[in-house]
Amino acid sequence: MNAFDWAFALEILPRLLDAALTTILIAVSGFGIAVVLGLFLALGRRSRHRWLAWPTGALVEFIRSTPLLIQLYVVFYVLPNYGLSLTALQAGILGIALHYACYTAEVYRAGLDAVPRAQWEAVTALNLAPLAAYRDVILPQALRPILPALGNYLISILKDTPVLSAITVVEIMQRAKNIGSETFRYLEPITMVGLFFLILSLGLAWLVRRLENRLETAR
Amino acid sequence: MIELLPLLLQGTWITIKVTLLGSLVAIACALLAALGRISPIAPLRWLAIVYIEVFRGSSLLVQLFWLYFVLPMPPFNIQLSAFAVAVIGLGLNIGAYGAEVLRGAIRAVPRGQAEACHALNLSPMTRFGRIILPQALLAAIPPGTNLLIELLKNTSLVSLITLSDLAFRARQLNQATLMTLEIFGLALLIYFVLAQLINLGMRLLERRLARGRMRGGLS
Amino acid sequence: MTTLSTHTATPADTPQDAPMVAFRGVTKRYGELTVLDHLDLQVAEGEKVAIIGPSGSGKSTLLRVLMTLETIDDGVIEVDGQPLTHMPDANGSLVPASARYQRGVRGMVGMVFQSFNLFPHMTVRQNVTEAPIRVLGLRKAEARQRAEELLAMVGLEDKLEHYPAQLSGGQQQRVAIARALAMRPKVMLFDEVTSALDPELCGEVLNVIRRLGDAHNLTMLMVTHQMGFAREFADRVCFFNEGQIHEQGTPDELFGNPQRERTQAFLSAVNEAH
């Protein structure tokens, strides 16, 4: 038992890939929720009503400066006491989505701030309803810096999914650990999981860069 | 609730130690990798790129598990304590992000500075060590602060490799007392306070290093 | 820098006859664009040469290649009789200079930039003492004394412990002049040193340069848009156009009676603007 055992690696590949599906499911659905939720948080934070803007801002800052792991514990262990019982997978997706919504909210905020003031003034001058103003004028312009930044958070979410193993979600990392404790071989499964994340995040980063270039030239 | 505090504070102390030592490792790694990344010697450059991409691209928890479970096994046979794994793993991980921050900051130093050094006949070593790097380090403080807060938050993951930090104690207390909300609420609060302390400390450091200098002037 | 076989050191280039600065057939290209086109220029020791001309004509490049901030594609530049970008090999023919050789020759040249380029994290005193200590190996006390003298000369002896950002643009530029002088160069290059300054601050910088010209036997090359200053201060004015010296002469000749059409057009355009 010394170097990397390729036969063993091949043998455990199907089990890892099976768990990889869970990892991807978590990342994609968590990202989907974070993208939508973040928009509401950003709009709430920009609201003219201080009773809405201030607590939203405080919540975003608080969640951003505390660990995802503890937030997952709160969702998984605390919420059931208040009648909201979730499966580990549901709790994990909700937790990671909530955490990253606070990051995407900042992305939206920066994007909206980058829209020239004159555009806001034009919207006011045209007397557009706030919803129409956002939908038809402001958002399309803010999208250019926003999209690549969101893409980068998809990568971050993907790399954070192993944290969900702490609340008993069997994603790819947990599966690798299980294989390790069954067979007492850790080198192959954990290295393969590392490669899995490395390949996916490098690939996604390449796509984000391409997107960025396309948006750049589309102007 | 008061009975929870002693154990949580014990955990907090471990969290603080891991954060501080991990930061030192991270800063050293960031500096070395940034230097390698801009080095004229191609192999050094490749080495730095591989380090940066691997540690940014594969997930932190996977890295910690790799150091904790794989390294003690053949062919490596390197047994590290959980504490050492925590410090080294977090340092290497955040250091890879820090290297890119630092590289950006070095490149952002105005070209005129290098030209002035050239005109004064300063050696390349003096130019970098006395003129370029001090300016880059100052510019890297704000993004570096965010990375240190990331590091603090990520220390919670070391609880998953049995180190009894704040997250570990919170989990342990939760199982023993079932005062779920209080325990995790307190833990979140402690992390939040620590993050604010990092913020404050770095802002003081920046102000001290930037004494006499205003931003935005010709330089 | 490949086609150099034709340029060899000739006996005529003995140090006594040699001009302080000589450009011989210097060509510099950026891709398709030729910025210096077989340029020939000789500057005697102590001579003050003003270089004027439209933007993009290669004026600043002339100074930048002399400071070795840019490489040249053809030709030879000499400072005090020593080739700058090339050195003589055993047979007396010129080969591209080593970095070490270049540093030696470069020490004879100092430069002041349009955007000052002071070190923002160092005090005025540190800005001026840094290079003398690190490059010339001066002791701290010596370098300090030299800095104090030079800063007194530019009228900033009371700003020693200030940081650049605490000074006005004109004061910063005067520090930059002191910083360059602290290296005791034989040739000083001034690259549009007043262009980044508010008009009311130009005077103090020009006064310093004027005093410098009176007090020292420094050779000076300046690229400038200040025609009045060029006329009053320079021994010779070169009108630069399309990578070449289109016309040159004493200030009175060039400003008073320009011979060539392009020069006339440029000067009248400048006059109209004022």
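Chain letters run A, B, ... following the sequence lines, proteins first and then strands; every chain starts at 1. Computed from a predicted model, the values in this text were never measured in an experiment.
How far CD1 of A:Ile190 is from CH2 of B:Trp66: 9.5 Å, rounded to the nearest 0.5 Å. Atoms CG and CG, from A:Leu69 and B:Leu157 in turn, are 6.0 Å apart once rounded to the nearest 0.5 Å. Atom-to-atom distance recorded for B:Asn174:CG and A:Phe76:CZ is 11.0 Å, nearest 0.5 angstrom.
Counting heavy atoms from C-beta on, the side chains of B:Leu188 and A:Phe62 come closer than 4.5 Å. Two residues are said to be in side-chain contact when any heavy atoms from C-beta on lie closer than 4.5 Å; A:Leu187 and B:Phe76 meet this criterion. For the pair B:Phe69/A:Lys177, a side-chain contact is recorded, criterion being any heavy-atom separation below 4.5 Å from C-beta on.
Remark: side-chain polar atoms of A:Lys159 are not paired, donor with acceptor, to backbone N or O of B:Leu61 under 3.5 angstrom.
In this structure, chain A has no heavy atom under 4.5 Å from any part of B:Ile183. At a 4.5 Å heavy-atom cutoff, A:Thr161 makes no contact with chain B through either its backbone or its side chain. Contact of B:Gln63 with chain A is not made at all, since no heavy-atom distance falls under 4.5 Å. Interface residue B:Ser159: only side-chain heavy atoms are found under 4.5 Å from chain A. Residue A:Phe196: no heavy atom, backbone or side chain, is found under 4.5 Å from chain B. Of the two parts of B:Asn199, neither the backbone nor the side chain holds a non-hydrogen atom closer than 4.5 Å to a non-hydrogen atom of chain A.
In terms of heavy-atom pairs under 4.5 Å with chain A, the best-connected choice from B:Thr180, B:Ile190, B:Ile198 is B:Thr180. Note on B:Gly185, B:Ser156, B:Ala187: by heavy-atom pairs under 4.5 Å with chain A, the leading option is B:Ser156. Ranked by heavy-atom pairs under 4.5 Å with chain B, the first of A:Arg64, A:Glu61, A:Gln71, A:Met173 is A:Met173. For the set A:Thr191, A:Leu204, A:Asn81, the entry with the most heavy-atom pairs within less than 4.5 Å of chain B is A:Thr191. Your options are B:Ala170, B:Ser59, B:Ser58, and the one with the most heavy-atom pairs under 4.5 Å with chain A is B:Ser59.
Nearest heavy atom pair, residue A:Val193 against residue B:Val62, reads CG1-CG2, 3.7 Å. A:Tyr186 approaches B:Val70 most closely through the heavy-atom pair O-CG2, 3.5 Å. Pairing each heavy atom of B:Arg171 with each of A:Tyr77, the nearest pair is NH2-OH, 3.1 Å. For the residue pair B:Ala167 and A:Tyr73, the shortest heavy atom distance occurs at O-CE1, 4.4 Å. Considering every non-hydrogen atom in both B:Lys153 and A:Pro67, the closest pair reads O-CB, 3.5 Å.
The 12-atom threshold is exceeded at CZ of B:Arg45, counting heavy atoms of other residues, nucleotides or ligands nearer than 6.0 Å.
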